[in-house]
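Within every chain, numbering begins at 1; the chains are lettered A, B, ... in the order of the sequence lines, protein sequences first and strands thereafter. This one's a predicted model, so the numbers in the text were calculated from it and none came from an experiment.
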2 protein chains.
Amino acid sequence: MAPTHVHADPAAHAHLRPARFPVTVDVVALTVGGGELRVLLINRLIEPFKGGLALPGGFVLPGEDLMGAAARELAEEAGVARLPGHLEQLQSYGPAGRDPRGDVLTVAHLLLAPNFPVLAAGSDAAHAGWHPVSGVLDGELDLAFDHRQIVSDAVERARSKLEYSPLGAAFCGEEFTIAQLRTVYEAVWGTRLDPRNFHRKATGTPGFLEDTGTMSAGEAGRPAALFRLAPESRIVAGGPVRAVLNPPLMRPRG
Amino acid sequence: MAPTHVHADPAAHAHLRPARFPVTVDVVALTVGGGELRVLLINRLIEPFKGGLALPGGFVLPGEDLMGAAARELAEEAGVARLPGHLEQLQSYGPAGRDPRGDVLTVAHLLLAPNFPVLAAGSDAAHAGWHPVSGVLDGELDLAFDHRQIVSDAVERARSKLEYSPLGAAFCGEEFTIAQLRTVYEAVWGTRLDPRNFHRKATGTPGFLEDTGTMSAGEAGRPAALFRLAPESRIVAGGPVRAVLNPPLMRPRG
DNA sequence: ACACTTATCGTCAAGTTGACAATAAAGAAA
DNA sequence: TTTCTTTATTGTCAACTTGACGATAAGTGT
């Protein structure tokens, strides 16, 4: 804390040239595949942590806003042309004590998306790939900087959002079956849910889902009805996400 | 987006000198008084928006972390010696297009606290004071920068946190009656709650409240039992806030 | 003692949840 | 084709929670 006798005027420091910090955005891109939650990681090509795994991200450019920077980094580092899902800001970290090069503030973002193809290995650019979140959380995979903490916070945010928002559908495509939506919940929460009770809650919540009238086909078992998000709960880029699930669909505790 | 032919290496910009931004922290300090939700605002002494109302806040110093900076600004601008409640990070805004002086990134924070005394007017320093949140939200009070938006986001965060976390108690002192806690909920949500049903939920939720054994006195009406947060839901600085209210105590919708 | 105010306990119908039976509709196997 | 297997969807039922509100308890002010 600044010595009081130097800054008698509480706003005095504002007269000083303010310190400036490098600002980065990092993106925790989550998807569901193979029944588990996965996170997008890139191979770092430069120091520090060269050769290690890290979240996609990079410096914010002058005149840029945070969301735009996050989307740009995703495009540059993972080769995603158009935002494939729901992007929101997560939390900021720093600036002290998280980068060996010095103070760096990072604004972490969260992307919930269907499994999408990423920049393959073999190019001279960075390799991007999906990795099981469990491996990150239990320390099997080592991440650069404080990225493991960031992933952990992102997963907790995702878990809690599924309880009351329609964001689970962000992991599915435009149309999906109740069972597909259920596997999303199961993967994110890491629990099993009763298909019948889940079906009841999903279809019984007003303003959540809308029947498309079409059916899934080709899978094993009886064909399932295809749904999409109802207009009330549709996810618009930058728009607010409504708390449609009321009462919420709580994850099993204990 | 950077021209691809210039940055064939997606991480190339990391080799460039990264842009640096001034970083500020702003604090939305909320309290409950007179049955309504109030926010702490200061009178700006310097341009821009000199003489206008704004959130307490200021530049982050080198080597500082965000929470620390927020606490320091609160101390400097409002004269609070020790953090009187629960402080958490809210969201980051910027850096583009929110300060006439140029790009400034701000990390907004949220303080939930009992009514505490602030730096009075009359000193040569800034005046700090409590103002009704309703006046800010409905545009009666004009705030500097994008601070109205920030207050709006902060209030929404607070409203939602009361539903599932024990943070309502952060507005009360160490010990409080059920009725005091209820008025917090009523002020934050802007609704009336049935005292009997609220009492049932508050005292009936395991791990939420703990009876102190003592009674309130001096008020009108029958004395009320004094409670404190149960150990499971106690709020530790920097620690996680547990979702104790399960199922949640939902605010009335519609 | 009496009125008034607030706290706390009960009651009851309506809605929600968790556990699980039963049926429906497809493809695969016999 | 008939049967088996798999998944989808509809019900059922008891336990629990919620919202509305009656009744009683225990203080203060007159």
Look at the side chain of [X] against the base of [N] and say whether a donor-acceptor pair falls under 3.5 Å; ignore hydrogens and angles.
{"X": "Arg182(A)", "N": "dA8(D)", "answer": "no"}
{"X": "Arg222(A)", "N": "dA26(C)", "answer": "no"}
{"X": "Arg200(B)", "N": "dG10(C)", "answer": "no"}

From the set [options], return the single nucleotide nearest to any side-chain atom of [X].
{"X": "Arg196(A)", "options": "dC21(D), dT17(C), dA21(C)", "answer": "dA21(C)"}
{"X": "Lys201(A)", "options": "dT17(C), dT17(D), dA22(C)", "answer": "dT17(C)"}
{"X": "Asp194(B)", "options": "dT9(D), dT17(C), dC21(D)", "answer": "dC21(D)"}

Between Thr205(A) and Phe208(A) (side chain of the first, backbone of the second, donor and acceptor by atom type, cut-off under 3.5 Å), is there such a pair? no
Short side-chain to backbone donor-acceptor contact, Tyr164(B) and Val244(B), under 3.5 Å: no
Give the rounded distance in Å between these two atoms: [atom1] of [X] and [atom2] of [N].
{"X": "Glu219(B)", "N": "dC4(C)", "atom1": "CD", "atom2": "P", "result": "21 Å"}
{"X": "Leu249(B)", "N": "dT18(D)", "atom1": "CG", "atom2": "C1'", "result": "11 Å"}
{"X": "Phe198(A)", "N": "dT16(C)", "atom1": "CZ", "atom2": "C1'", "result": "16 Å"}
{"X": "Leu193(A)", "N": "dC20(C)", "atom1": "CG", "atom2": "P", "result": "15 Å"}
{"X": "His199(B)", "N": "dT24(D)", "atom1": "NE2", "atom2": "C1'", "result": "14 Å"}
{"X": "Tyr164(B)", "N": "dT17(D)", "atom1": "OH", "atom2": "C1'", "result": "21 Å"}
{"X": "Asn246(A)", "N": "dT16(C)", "atom1": "CG", "atom2": "P", "result": "10 Å"}
{"X": "Phe227(B)", "N": "dA7(C)", "atom1": "CZ", "atom2": "P", "result": "12 Å"}

Do [X] and [Y] have side-chain N/O donor and acceptor atoms under 3.5 Å apart?
{"X": "Ser92(A)", "Y": "Ser92(B)", "result": "yes"}
{"X": "Gln149(B)", "Y": "His147(B)", "result": "no"}
{"X": "Asp153(A)", "Y": "Tyr93(A)", "result": "yes"}

If you pin Gly218(B) and Pro248(B) to their nearest nucleotides in DNA chain D, which one's is more 5'? Pro248(B)
Between Asn197(A) and Pro223(A), just flag the one whose closest nucleotide in DNA chain D comes earlier from the 5' side.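 Result of the comparison: Pro223(A).
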Students often get this wrong, so: under 4.0 angstrom with heavy atoms, is Ala217(A) touching a base, only sugar-phosphate, or nothing?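 The residue Ala217(A) makes no contact with any strand.
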